[in-house]
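Reading through the structure tokens given below for one structure.
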Amino acid sequence: MEMAQSARIFLQSNFSLLQIQLTDILDIAILSFVIYKLMWMLRKTSSGRVLRGILMLLLAMGLSTFFRLTATSFLLNMLVEQGIIVLVVLFQPEIRRFLERMGNGRLALVFASTKEAGQEMEIAILQTTEAYTDLSRDKVGALMVFERQNLLDDVIKTGTALDCGVSSELLKNIFWNKAPLHDGAVIVRDGRIVGAGCMLPLSGNVNLSRDLGMRHRAGIGMSEHSDAVVVIVSEETGSISAAVGGMLKRHLAPETLERLLRNELLNDSQEEKKNGQFSLMGLLLGGSKREEDDEL
């Protein structure tokens, strides 16, 4: 017994890993899960790029300390110390959303990564195609934004917040030229309309055709600032267009529009579900891929 006790003490004193208990493993697992989910939430917003910039700044600070760059290290340390207030301002929307979910008591949604689009997105595509067929025939202008990974909360705030399913009749009523919300964009999130009458940023591309009106320029601008899919009906010609990744695809037939929406929206959600989890380095350093094989 004395020999066993001595051996145990020797092993624990020389091999610190043997001192890890079950509670330590649980503690590490919980902390890792929380950090991972927070990074997943930030990945879906423009703040994710800010987070990557902060991590690069911390890396630079560590390197300057390691190589004893006194002036650079002092400057970076001061910048980090004074940057806490700036971070609170930058991440205010994410912090507020996080606290609202906790306040609602819906703990399962606090770290939720995405909603299951599934059948609602399928219905939204069919109803959008049906509505755009009629709107194109009647030459009624329309502008719809299908949100993907980048959240568009700031854009939704510029219009009227809604929460309803996508239907052909509803869309035709919204875009009717005497309706109060017809002059803005409809925002669709996970197959549901979450905003109408929303203002979109205009494209800064000076090489756009002069034939394109404000509706098309806003659609291209929205696709430049996010990974959203924007579909447009021209009020002058009735032609259907779609903007993806800053590229505009014009004169689409209703069948082509439906196929494009399926490829961009349903395939994305299925791929994300198939891949499941992403590595932490992928979340920090990886960027979303955009297909830019079509010309204006």
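Along the sequence shown, residues carry numbers from 1.
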With a 4.5 Å heavy-atom cut-off, do I193 and L171 have their side chains touching?
-> yes
Once you round to the nearest 0.5 Å, how far does CE of M199 lie from CG of D154?
-> 15.0 Å
Report whether L170 and V140 are members of the same hydrophobic cluster (ILVMFWY, side-chain heavy atoms less than 4.5 Å apart, transitive linking).
-> yes
Report yes or no: does Y132 contribute a side-chain atom to a donor-acceptor pair with the main-chain N or O of V231 at less than 3.5 Å?
-> yes
Evaluate the side-chain proximity of I220 to E224: yes if any heavy-atom separation is below 4.5 Å, no if none is.
-> yes
Rounded to the nearest 0.5 angstrom, the CG-CG distance for L58 and L63 is 11.0 Å
Closest approach of S73 to T65 (non-hydrogen atoms, all atoms of both residues) = OG-OG1, 3.3 Å
Within a strict 4.5 Å, meaning less than it, do heavy atoms of the V244 and S223 side chains meet?
-> no
dist I232:CD1 -> I240:CD1 (nearest 0.5 Å) comes out at 11.0 Å
Kindly indicate whether the side chain of H225, heavy atoms from C-beta on, has any atom under 4.5 Å from the side chain of V155.
-> no
Under the 3.5 angstrom rule, does the side chain of R189 hit a backbone N or O of E147 as a donor-acceptor pair?
-> no
Under a 4.0 Å N-O cut-off, is there an ion pair linking R259 with E255?
-> no
Provide the closest heavy-atom pair for R250 versus S241 in the form atom of the first, atom of the second, distance.
-> CA-OG, 3.7 Å
Measure the CD-CZ distance between E236 and R215 for me, rounded to the nearest 0.5 Å.
-> 7.5 Å
Measure the shortest side-chain to side-chain distance between E258 and P254 over non-hydrogen atoms and say whether it is less than 4.5 angstrom.
-> no
Under 6.0 Å from the CE atom of M214, do we count more than 12 heavy atoms belonging to anything else shown?
-> no
Is any side-chain heavy atom of V230 less than 4.5 Å from a side-chain heavy atom of L143?
-> yes
Decide whether F66 and L59 are clustered together by the hydrophobic rule: side chain heavy atoms of Ile, Leu, Val, Met, Phe, Trp, Tyr closer than 4.5 Å, transitively.
-> yes
Do L55 and L57 sit in the same hydrophobic cluster, where Ile, Leu, Val, Met, Phe, Trp and Tyr count as joined when their side-chain heavy atoms come under 4.5 Å apart?
-> yes
Establish whether V229 and L126 are linked, either directly or via other cluster members, by ILVMFWY side-chain heavy-atom contacts under 4.5 Å.
-> no
What distance separates I174 CD1 from E169 CD, expressed to the nearest 0.5 Å?
-> 12.0 Å
With side chains defined as the heavy atoms from C-beta onward, is the minimum distance between L212 and L248 less than 4.5 Å?
-> yes
Do V186 and V166 have side-chain heavy atoms sitting under 4.5 Å apart?
-> no
From CD (E122) to CG (L265), nearest 0.5 Å = 10.5 Å
Quick one: does S203's side chain have a donor or acceptor within less than 3.5 Å of a partner on R217's backbone?
-> no
